[in-house]
Amino acid sequence: MEILRGFKDILPTDIKKWHKLEEIARNTLESFGYKEIRTPLLEKTRLFARGVGEDTDIVEKEMYTFLDKSNESVTLRPEGTAGVVRAYIDNHLENLPYKKYYYIGAMFRYERPQKGRLRQFHQIGVEVFGIDNPSIDAEIVHLDKTMLEKLKIGDLRIEINNIGCDRCRPEYIKKLQEYFTQHKDKLCEDCKRRLNKNPLRILDCKNKGCKTVAKDAPKITDYACDNCKNHFNNVKKKLQSLNIEFIENPYLVRGLDYYTKFVFEIITDKLGAQGTVSAGGRYDGLIEQLGGKATPGIGFASGCERLIELMDEEKELLFDYYIANLSEDDYALDIASKLINLTNKRIYVEYEKRSLKSMMKKADRMGTRFVVIVGENEKNKNSVLVKDMKNSTQNEYDLKIFLDNEVKRWL
RNA sequence: GUGGGUAUAGCUCAGUUGGCAGAGCACCAGGUUGUGGCCCUGGGGGCCGUGGGUUCAAGUCCCACUACUCACCCCA
C-alpha cells in the first residue's frame, strides 16, 4: 500500500514545527482580534463553481469532485474562502458583533505535485466581512507580515496591485484583449489561449516575447474607476503609515475570479518556482454572488507547508522522564503513574526488556531530561535512582522525597 | 495535461569496458554482570522500482510501464 500521490504523512519528527506554526499563528490572529471558524472539508460542488469561478483552473480541472450516495455532486474544498462565506450567510453571522475570522486546515487540489505544492495542503487564512474601509486592507497585510515575522521567516517581499472592480475591469479586459490581439503573433501558445479565457494572465507570463509585448500593454491604472483608484491609493497610504514596505506590481494577477480592487502576495525566493507564501485580496462581490446580502469582503491565505519549509528547526527535548524498569515488578509502573498525576510532564515508560546500557542510550537518543532507574535494589529500599541526562549527575532518593522534589521542580 | 531528471539496505548514496551486492549514518549485540554521548569489535538486514529484450553472464546495455522529483500550466 502506498500513500496517494501528492499526499504527505506528517511524522512525529516534523510535528514540533507544525505545533509551533499553529501556536504562533493563532496567537497572532487572536491578538489582532480574529476568531477561529471551522467549516467542513466537503461542500456542494456548486459552492466552488459559483464562488471560485467556472472558468478558473481550480474549478475546471483541479477539484476532487464526486457523487455521494444520494447522487449529489460534492467537492473537497480547494480553497477556504467560499466555505467561510457560505457559513457566514448560512448562520447569519452578520448579526455577530465581530466580523473577522480565521481558519487553519486542509485544502485539496488535483494538480501535479512539485516543490511547495501538494494535492492535500494546509492553509492559514483570514476573512473579514462588511468592511470596505481601506484600513482593513492594510490591516490584513500588517497581520500577515507580523505573523511571518513571529515565525522568524525573513527575506520576503510584499507585492500589491489594483485589479479593479465589476464596473471598471470588464472595460480594461476588453482593451487588453484588443491590444494583445494586435500582437498575437508574438505571444506564446499558452498566451494565445489566455487571450480569450483570461487575458490578465498574459501580463504575468514568464515568456520573453510575451513580457516585451506586455510591457506596453494598457495599464489598469488608466482604466480603473475613481472608486477603485481612491481605494488603492488609500491602502497604499495606510501601508506607508504602518511602515510596511511593498512593491507595486501592475502585473500581479490572482487566479480566482472573485478578487476585486486590492490584491497582494508575499513572496520568497527560497522555495523554487512556488515562491508565494501568502496571497489574498478583496472580494466585494462574492457574498452577494453566493446568495447573501451585498457585503464587501477581504482575506488572505498562507500555505502551511511553504511556511514550514522556511522555518528553522529547533532542537528540543522530547521527554521529561524516561522510566528505565529493570525488573518485572510493578513498582516502576506505580512510580510512572504517580509522576504523570503529580507533574503532568512527558513520561516515557519503557516496556521492552533490554539492558540498562541500551535503555540509557535510547533515552539519550530520544531527547530525555531525566532517566528514572528502578530495579530490585530500589524497590527493596523504596527508592529511585535518578540520572540527570543534561548534567550527567545521578542521585538516589527515597521515593516520597523524589516525588515531592519533582512536583516542586516544575512549579 | 506537457517536458527534464531519478529509482541499489530503514536513510543518504557509491557501484569502473557487462563478471560474487557495497559504504556512511541508523538499528541490534558485545567491549563495561545495573549507566547515554566519544571510541573499538561484531551482527542483522537487498525481488538492485516492475515487466520484457540483448548476452555465456545485466544493478550496469535496449524497450515499455510505474513511482518519485523538478519545471511548465496554475496556485498557498
Side-chain angles (χ1 to χ4, degrees), chain A residues 2-8 11 13 52 55-63 77-81 103-126 144 148 188-191 193-194 197-198 200-201 204-207 252-256 259 264-268 271-281 299-310 322 324-327 352 354-378 385-394 396:
Chain A
E2 286 103 40
I3 195 168
L4 283 171
R5 157 174 270 193
F7 286 63
K8 277 269 181 311
L11 303 174
T13 42
V52 177
D55 294 332
T56 57
D57 272 33
I58 289 180
V59 171
E60 262 182 12
K61 50 186 196 193
E62 294 175 2
M63 295 207 302
R77 65 184 184 193
E79 58 95 53
T81 301
Y103 56 85
I104 302 178
M107 308 292 163
F108 303 83
R109 288 182 202 168
Y110 192 88
E111 301 178 84
R112 278 289 278 272
Q114 68 183 81
K115 193 176 176 65
R117 188 168 66 188
L118 292 165
R119 288 183 171 181
Q120 176 181 332
F121 60 104
H122 298 78
Q123 287 188 335
I124 297 167
V126 315
D144 198 353
L148 295 167
C188 69
E189 289 308 309
D190 283 328
C191 282
R193 230 181 350 96
R194 289 177 178 127
K197 211 182 105 184
N198 193 350
L200 282 171
R201 275 267 156 231
D204 202 29
C205 185
K206 285 157 195 136
N207 185 291
L252 181 66
V253 178
R254 313 264 48 246
L256 286 63
Y259 285 112
F264 77 100
E265 280 189 26
I266 300 187
I267 303 164
T268 177
L271 287 182
Q274 309 301 327
T276 300
V277 155
S278 288
F300 74 84
S302 294
C304 292
E305 282 79 1
R306 293 180 187 177
L307 296 177
I308 291 273
E309 202 163 325
L310 293 171
Y322 176 97
N325 186 8
L326 297 176
S327 74
E352 287 177 59
R354 32 168 74 210
S355 68
L356 179 57
K357 177 186 170 133
S358 87
M359 286 197 264
M360 295 300 291
K361 191 172 177 181
K362 186 169 166 182
D364 182 45
R365 298 198 56 83
M366 280 164 55
T368 307
R369 183 63 208 282
F370 299 104
V371 176
V372 181
I373 303 165
V374 192
E376 290 299 326
N377 299 341
E378 289 73 23
L385 198 54
V386 181
K387 177 138 192 188
D388 182 333
M389 298 298 272
K390 200 164 140 197
N391 308 327
S392 294
T393 56
Q394 180 171 299
E396 187 170 0

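All figures in this text were calculated on a predicted structure; none of them were measured in a lab. Per chain, numbering begins at 1; letters A, B, ... match sequence-line order.
- The nucleotide whose nearest atom lies closest to any side-chain atom of A:L256 is, among B:G37, B:U69, B:A76, B:A76.
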For residues 112-119 of chain A, which side-chain N or O atoms pair as donor and acceptor with protein atoms under 3.5 Å away, sequence neighbours left out?
residue	atom	partner	partner atom	Å
A:Q114	OE1	A:R117	NH2	3.0
A:K115	NZ	A:E309	OE2	2.9
A:R117	NE	A:R112	O	3.2
A:R117	NH1	A:E111	OE1	3.1
A:R117	NH2	A:R112	O	3.0
A:R119	NE	A:E111	O	2.7
A:R119	NH2	A:E111	O	3.3

Identify each donor-acceptor pair in which a side-chain atom of residues 364-375 of chain A lies under 3.5 Å from a protein atom, sequence neighbours left out, and give them as a table.
residue	atom	partner	partner atom	Å
A:T368	OG1	A:A363	O	2.7
A:R369	NE	A:D388	OD1	3.4
A:R369	NH2	A:D388	OD2	3.0

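- With distances taken from any side-chain atom of A:L385 to the nucleotides B:A76, B:C73, B:G34, the minimum falls on B:G34.
- In terms of the side chain to side chain donor-acceptor pair (under 3.5 Å) criterion, A:Q120 has no residue partners (sequence neighbours excluded).
- Contact annotation: A:K8 side-chain N/O to B:U69 OP1/OP2 distance is under 4.0 Å.
- A:E376 is linked by a salt bridge (charged side-chain N to carboxylate O under 4.0 Å, His left out) to nothing, counting only residues two or more places apart in sequence or in another chain.
- Rounded to whole Å, the C1' atom of B:U16 lies 14 Å from the corresponding atom of B:G22.
- Using C1' as the reference atom, B:U8 and B:G15 are 9 Å apart when rounded to the nearest Å.
- With sequence neighbours excluded, the residues satisfying salt bridge (charged side-chain N to carboxylate O under 4.0 Å, His left out) with A:K61 are A:D57.
- Spacing between B:G37 and B:G59 at atom C1', rounded to whole Å, works out to 38 Å.
- OP1 and OP2 of B:A76 both lie 4.0 Å or more from every side-chain N or O belonging to A:R117.
- The gap from the C1' atom of B:A14 to that of B:U6 amounts to 15 Å, rounded to the nearest Å.
- Taking every side-chain heavy atom of A:D57 into account, B:C73 is the closest of B:C73, B:U35, B:A76.
- Contact of A:S355 with B:G34 (side chain to base): no donor-acceptor pair of N or O atoms is detected under 3.5 Å.
- For B:G34, the base has a donor-acceptor partner in the side chain of A:E378 [N/O atoms by modelled type, under 3.5 angstrom].
- B:U17 sits 27 Å from B:G53 when the P atoms are compared, rounded to a whole Å.
- A:R119 comes within contact range of no nucleotide atom at all, as no heavy-atom separation falls under 4.0 Å.
- Taking atom P in both B:U66 and B:G30, one finds a spacing of 49 Å when rounded to whole Å.
- Look at the P atom in both B:C48 and B:U32: the space between them is 41 Å, to the nearest Å.
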Polar atoms only, N or O, under 3.5 Å: list the protein pairs with nucleotides 3-13 of chain B and their distances.
residue	atom	partner	partner atom	Å
B:G3	O6	A:R112	NH2	3.4

**Request:** Dump the intermediate steps for side-chain contact (heavy atoms from CB on, under 4.5 Å) on A:F121 and A:R109, then the final yes or no.
**Result:** CA-CA 8 Å; A:F121 60 104; A:R109 288 182 202 168; 3.7 Å; yes
**Message:** As a check on the pairing definition, encode RNA chain B in dot-bracket form, counting Watson-Crick and G-U wobble pairs whose two distances are under 3.5 Å, and using | for partners outside this strand.
**Reply:** (((((((..((((.....[..)))).(((((.......))))).....(((((..]....))))))))))))....
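- Taking only side-chain atoms of A:K115, from C-beta outward, the nucleotide of B:G37, B:C73, B:C70 with the closest atom is B:C70.
- One interatomic measurement links the two molecules: CD of A:E376 to P of B:G34, which rounds to 12 Å at whole-angstrom precision.
- One interatomic measurement links the two molecules: CD of A:Q114 to C1' of B:G1, which rounds to 14 Å at whole-angstrom precision.
- If A:G116 and A:C205 are placed on RNA chain B by their nearest nucleotide, the residue sitting closer to the 5' end is A:C205.
- When the ring-ring contact (aromatic ring centres under 6.0 Å, His included) test is applied to A:Y110, the partners found at least two apart in sequence or on another chain are A:Y64.
- If you take CE of A:M389 and P of B:C38, they are 12 Å apart, rounded to a whole angstrom.
- Note: CZ (A:F7) to P (B:A67) measures 14 Å, nearest angstrom.
- Among the heavy atoms of the strands, none lies under 4.0 Å from A:I3.
- Note that CG of A:L256 is 7.5 Å distant from OG1 of A:T81, once rounded to the nearest 0.5 Å.
- Within a heavy-atom distance below 4.0 Å of RNA chain B, the residues of residues 365-374 of chain A found are A:R365, A:I373.
- Separating the OH atom of A:Y110 from the P atom of B:G1 is a distance of 6 Å, rounded to the nearest angstrom.
- The side chain of A:K357 has B:G36 as its nearest neighbour among B:U69, B:G36, B:A76.
- In this structure, A:Q394 reaches the bases: a heavy-atom distance under 4.0 Å links it to at least one base atom across the strands shown.
- No side-chain donor-acceptor contact under 3.5 Å links A:R354 to the backbone of A:M359.
- Between the P atom of B:A29 and the CG atom of A:L356 lies a distance of 12 Å, rounded to the nearest Å.
- Under the rule for a salt bridge (charged side-chain N to carboxylate O under 4.0 Å, His left out), A:E79 has no partner lying at least two apart in sequence or in another chain.
- A:R254 CZ to A:F264 CZ: the interatomic distance, rounded to the nearest 0.5 Å, is 9.0 Å.
- Counting to the nearest Å, the P atom of B:A26 and the NZ atom of A:K362 are 16 Å from each other.
- Only the P atoms considered, B:G52 is 26 Å distant from B:C11, to the nearest whole Å.
- Atoms OG1 and CD1, from A:T276 and A:I266 in turn, are 10.0 Å apart once rounded to the nearest 0.5 Å.
- With sequence neighbours excluded, the residues satisfying salt bridge (charged side-chain N to carboxylate O under 4.0 Å, His left out) with A:K362 are A:E350, A:E352.
- Qualifying side chain to side chain donor-acceptor pair (under 3.5 Å) partners for A:E305, counting only residues two or more places apart in sequence or in other chains: A:H122.
- The side chain of A:Q274 lies closest to B:C74 when the candidates are B:A76, B:C74, B:U69.
- For A:R354, a side-chain nitrogen or oxygen approaches OP1 or OP2 of B:C28 to under 4.0 Å.
- When the P atom of B:A76 is taken as reference, atom CG of A:L148 falls 15 Å away, rounded to whole Å.
- Shown here for A:Y103 and A:G80, the closest heavy-atom pair between the two residues is OH-CA, 3.5 Å.
- Side-chain N/O atoms of A:S358 and base N/O atoms of B:G36 include no donor-acceptor pair closer than 3.5 Å.
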